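Down below is the structure, laid out as structure tokens.
On a predicted model such as this, the values are computed, not experimentally measured, just so you know.
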Amino acid sequence: MKWKDLRMLSAALGLFIFAICLILFPKDVLEASKSGLTMWSDSVFPSLLPFFITAELLIAFGVVSFLGVLLEPLMRPLFNIPGSGGFVWAMGLSAGFPSGAKFTVKLRKQNKLTREEAERLVSFTNSSSPLFICGAVAVGFFQDAALGILLAICHYGANTLVGIFMRFYKRNSPPSSPAASSASLKTAFQALKKDQEQDERPLGKKLGDAVTTSIHTLFMIGGFIILFSVLYRILKVTGTIHYIALLPGSVLSLLQFSPELAFPWLSGFFEITVGSKLISDLNNTDMLEKAIITAFVLGFSGFSVQAQVASLLAETDIRFGPFFAARWLHGFLAAFLTYLLWEPFYIRQMEQPVYSGEIATSFVVTSWQTIGTWLSVYGGYITIGALFLYLYIIHFRMLHSN
């Protein structure tokens with residue numbers, strides 16, 4: 001039997017078993033679905049929608065091409081990608097995954113990136129948002145603002161290193177545009193004007209397209225969140241996940257880490273929120289070990305996020321393999337940086353007598369926590385309002401198309 005046939009047979013068998021489990025455990029499936037839906041409607045949807053709509057409009061009005069010309073002298077030598085990749089990088093850092101993949105796909109469809117450039121770009125532009133690292137994980141789960149600063153430094157530092165390493169991926173492939181040694185405002189404005197002339201849609205059409213495209217993407221993200229919430233619950237209720245946890249347990253024993261981390265670490269491979277929460281709940285485990293495993297989980301991103309990215313990349317010729325390899329690299333680099341920076345960025349700060357007061361609730365971390373609290377209260381209302389707007393736009397266009 002060929003490898004392709006074996007893979008298809010395994011996928012079919014896995015789906016059949018999954019369907020049987022949906023029938024056998026309806027209560028657990030319903031609870032997991034509700035949990036995933038709540039996470040999507042209260043946090044993911046309202047936090048990502050403004051970024052998605054704004055980015056769609058920036059691309060439509062040529063601002064990305066404008067910034068691309070100005071950032072070319074930085075992005076090309078550092079990451080071997082066009083300057084427009086700088087916009088995608090910034091959106092990925094601020095909004096979190098899968099923003100980087102969404103806008104990499106957008107630029108690839110517009111032929112502003114070659115396939116190899118897009119594969120380099122998507123490998124380091126998908127990261128956790130500061131809101132999630134500092135607000136949800138550090139303050140919400142660990143109750144430790146100082147840990148949020150350390151995790152953020154290691155997460156984004158490792159992500160940048162991944163981008164630098166990936167610059168050598170297929171480095172001899174032809175670029176989408178010749179490298180520019182300098183950038184001028186005149187050239188940047190010409191690129192902006194050219195994009196606006198090529199896109200003849202009126203303002204209302206651009207706004208409507210930005211909203212509908214963004215909500216379409218968020219529907220897909222929500223589907224994957226619910227799917228993996230159900231999958232994780234089924235693995236847990238059947239006890240399968242405890243057998244799978246033997247593998248990470250053996251790795252932890254080689255590193256002389258606490259065996260209690262095996263199950264939370266494995267859970268983080270499926271969904272980073274669940275994994276991070278379970279790691280924070282361990283009371284008899286060394287804090288450094290918990291920080292290292294959490295850093296890896298954040299860098300690896302989890303199969304749920306990776307499935308979202310794979311779905312977006314499937315719309316183009318961008319291959320998933322380089323992105324998947326980069327997630328492992330990101331996880332290992334973030335864990336290694338956490339080990340290296342533990343003493344200067346965490347222990348020494350905690351030893352300062354005033355740290356437990358004002359510094360621990362610094363402006364940056366407190367701000368992210370406030371945003372997270374606000375989203376938990378009003379996120380659902382924002383989601384409902386946006387869905388009504390989406391339905392209105394669809395209804396309006398259907399009336400005018402007839």
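- Side chains of Y243 and L235 form no contact here, defined as non-hydrogen atoms less than 4.5 Å apart.
- F336 and Y339 have their aromatic ring centers separated by at least 6.0 angstrom.
- E200 CD: 12 or fewer foreign heavy atoms inside a 6.0 Å radius.
- With hydrogens and angles disregarded, no donor-acceptor distance shorter than 3.5 Å links the side chain of S35 to the backbone of A32.
- When all heavy atoms of G36 and S229 are compared, the closest pair comes out as CA-OG, 3.7 Å.
- Looking at heavy atoms from C-beta onward, H242 lies in side-chain contact with F263 at the 4.5 angstrom threshold.
- Looking at R115 and R319, their side chains come closer than 4.5 Å, going by heavy atoms from C-beta outward.
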(request) Apply side-chain contact (heavy atoms from CB on, under 4.5 Å) to T217 and L48, showing your working. (result) CA-CA 10 Å; T217 303; L48 288 182; over 6 Å; no

(message) Using side-chain contact (heavy atoms from CB on, under 4.5 Å), reason through I272 and F132 one step at a time and then give a plain yes or no.
(response) CA-CA 10 Å; I272 59 174; F132 181 73; 3.7 Å; yes

(request) Apply salt bridge (Lys or Arg N to Asp or Glu O under 4.0 Å) to the pair E315 and K102, showing each step before the final yes or no. (result) CA-CA 10 Å; E315 300 175 11; K102 173 178 172 58; over 6 Å; no

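- Atoms CD and CZ, on Q110 and R108 in that order, are 12.0 Å from each other to the nearest 0.5 Å.
- Contact of the I279 side chain with the W265 side chain is not registered, since no non-hydrogen atoms from C-beta on lie closer than 4.5 Å.
- The line from CZ of F87 to CG of L121 is 11.0 Å long, rounded to the nearest 0.5 Å.
- Residues S267 and K277 bring no donor and acceptor atom of their side chains to less than 3.5 Å of each other.
- S99 OG to F52 CZ: the interatomic distance, rounded to the nearest 0.5 Å, is 4.0 Å.
- The local environment of CD in Q143 is crowded, with over 12 non-hydrogen atoms from other residues, nucleotides or ligands closer than 6.0 Å.
- Between W328 and F269, the two ring planes are tilted [angle within 30° to 60°].
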(request) Assess whether side-chain contact (heavy atoms from CB on, under 4.5 Å) is satisfied between F124 and F165, documenting all intermediate values. (result) CA-CA 10 Å; F124 73 98; F165 290 147; over 6 Å; no

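- Classified by interplanar angle (parallel below 30°, tilted 30° to 60°, perpendicular above 60°), the ring pair F300/F303 is perpendicular.
- Listed for the S214 side chain is a donor-acceptor partner under 3.5 Å among the backbone atoms of A210.
- Scanning both residues, E72 and G83, for their nearest heavy atoms gives OE1-N, 2.8 Å.
- For the pair I293 and P264, the minimum side-chain heavy-atom distance is 4.5 Å or more.
- Side-chain atoms of T285 and E260 include a donor-acceptor pair closer than 3.5 Å.
- Within the 4.5 Å cutoff, no side-chain heavy atoms of M75 are placed close to those of P82.
- In terms of modelled atom types and a separation under 3.5 Å, the side chain of R120 and the main chain of F79 share no donor-acceptor contact.
- The structure places CD1 of I226 at 10.5 Å from OG of S304, a figure rounded to the nearest 0.5 Å.
- Note: E116 CD to R171 CZ = 14.5 Å, rounded to the nearest 0.5 Å.
- With H155 contributing its side chain and H330 its backbone, the two residues share no donor-acceptor pair below 3.5 Å.
- A perpendicular orientation is assigned to the rings of W40 and F45, their planes being inclined by more than 60° (bins at 30° and 60°).
- In this structure the side chain of F103 never reaches within 4.5 angstrom of the side chain of T125, judged on heavy atoms.
- Between Y346 and W342, the angle of the ring planes stays under 30°, which puts this pair in the parallel group of the 30/60° scheme.
- Side-chain N or O atoms of R327 include none that pairs as donor or acceptor with a backbone N or O of Q306 at under 3.5 Å.
- With T54 contributing its side chain and F51 its backbone, the two residues share no donor-acceptor pair below 3.5 Å.
- Taking a cutoff of 4.0 Å between a charged side-chain nitrogen and a carboxylate oxygen, K112 and D195 qualify as a salt bridge.
- Between L78 and R167, the closest side-chain pair of non-hydrogen atoms is not below 4.5 Å.
- Note that CD of Q308 and CG of L227 are 10.5 Å apart. Values are rounded to the nearest 0.5 Å.
- A pairwise comparison of heavy atoms in L313 and F320 identifies CD1-CA, 4.2 Å as the closest pair.
- T212 contributes a side-chain N or O that, together with a main-chain N or O of D209, makes up a donor-acceptor pair within less than 3.5 Å.
- Shortest non-hydrogen contact noted between A262 and A245 is CB-O, 3.8 Å.
- Nearest heavy atom pair, residue D199 against residue A60, reads OD2-O, 3.7 Å.
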(request) Test F345 against T338 for side-chain contact (heavy atoms from CB on, under 4.5 Å), laying out the working first. (result) CA-CA 9 Å; F345 282 90; T338 302; over 6 Å; no

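- Residues A101 and L312 approach most closely at CB-CD1, 4.0 Å, considering heavy atoms.
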